[in-house]
Amino acid sequence: MSGDDKSTISIPFPDIDLPQLKITAAPARLNVAAGDDLVWVAGNYTDPSGETGFRVNQQGPVTQLTHDRHFSGLRKGVPQFDLALGTGRSFSLAIETGASDRNVCDLGGVSLTDLDCKQGAGEFTLDFSRPNPVEMTKLSLAAGAAALELHNLANSNAGELSITGGAASFKADFGGELQRPMHARFNVGMAELRIAVPNETAAKIRASSTLGTVNVGDGFMTKEGAYWSEAAIKGALPELSIEIVTALGSVKIELV
């Protein structure tokens, strides 16, 4: 599928128990939101140069959506995926993006069992504006020299979160509905990391920085080597535990 300025994308749910979807958009802009319960992937691929098209590759349980990479055409504009993901079935999702000025993914309401994101340089926003209807085993996100905003992480319904980055800027809020215990680990290098936790969440946070700084806002108490929210002191459940390891970065933790 190629040659057109804009191409329509429509991928049905495969007839297997647990589909796996991989979206590779590098270099390209990526906009993702929840769709309806009928079509797995719907939307458009746009290339201002008219030189590239998208491709759908099926290998075993994995369906990959990607595009041709002709860097000479980038001077006319960056290609763009505008996608709606189906909500009718559970599936595993991997997203890999390269250098882009803005990638935005709102996965609220999509039934995800696992999520693996890799972001190169540029800006990446991940949001769960609505709760994930199913339990997510793990959410992994790795970034290079990137600026990331992570919103409503409690709504991801993930048991484990793993966030790694180099020279990056992270803003992570754990808003939404915490449906079960969640453990999050941030391992970053020369990064600026800001973490926001709702006042009513039972949060226990451990943070260590080799040559950086850790700034903890009002409302936390130090206990057993960690920062506890008032809800955690009172024994509220479910519990959010966060572990932060940074080398040269600055960390700010606050209740909101």
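Note that the CG atom of Asp114 and the OG atom of Ser90 stand 11.0 Å from one another [nearest 0.5 Å]. Taken to the nearest 0.5 Å, the CD atom of Glu254 stands 10.0 Å off from the CG atom of Asn199.
Remark: the backbone N or O of Ala203 is paired with a side-chain donor or acceptor of Ser229 at under 3.5 angstrom. Not one N or O on the side chain of Gln59 forms a donor-acceptor pair closer than 3.5 Å with the backbone of Pro61. Remark: the backbone N or O of Lys6 is not paired with any side-chain donor or acceptor of Asn44 at under 3.5 angstrom. Although no hydrogens or angles enter the test, the distance criterion places a donor-acceptor pair under 3.5 Å between the side chain of Asn103 and the main chain of Leu30. Looking at Arg29, its side chain never comes within 3.5 Å of a backbone N or O of Gln80 through a donor-acceptor pair. Proximity of a side-chain donor or acceptor of Arg180 to a complementary backbone N or O of Asn157 within less than 3.5 Å is detected. For the pair Thr246 (side chain) and Gly189 (backbone), a donor-acceptor distance under 3.5 Å is present.
Among Val39, Leu112, Asp36, Val41, the single residue meeting the side-chain contact (heavy atoms from CB on, under 4.5 Å) criterion with Leu85 is Val41. Residue Glu177 forms a side-chain contact (heavy atoms from CB on, under 4.5 Å) with just one option from Asn152, Asn155, Asn132, and that option is Asn155.
When the ring-ring contact (aromatic ring centres under 6.0 Å, His included) test is applied to Phe91, the partners found at least two apart in sequence or on another chain are Trp40.
Summarising the local packing, CD of Glu239 is surrounded by more than 12 heavy atoms from other residues, nucleotides or ligands at distances under 6.0 Å. Around atom CD of Gln20, more than 12 heavy atoms belonging to other residues, nucleotides or ligands sit under 6.0 Å away. Summarising the local packing, CZ of Arg194 is surrounded by 12 or fewer heavy atoms from other residues, nucleotides or ligands at distances under 6.0 Å. More than 12 heavy atoms of other residues, nucleotides or ligands shown are found within 6.0 angstrom of NZ on Lys223.
Classification of Glu123 and Arg102 as a salt-bridged pair holds, one side-chain N sitting under 4.0 Å from a carboxylate O. Electrostatic pairing of Asp116 and Lys118 counts as a salt bridge here, judged by a charged N lying under 4.0 Å from a carboxylate O.
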Requested in this report: Just do the side chain to side chain contact (heavy atoms under 4.5 Å, CB included) check on Leu115 and Leu126 with the steps written out, would you?
Outcome: CA-CA 11 Å; Leu115 175 60; Leu126 175 64; 4.2 Å; yes
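A donor atom on one side chain and an acceptor atom on the other are not found under 3.5 Å apart for Glu192 and Ser250.
The minimum heavy-atom distance between Lys204 and Ala232, with the atom names listed, is CG-CB, 4.1 Å.
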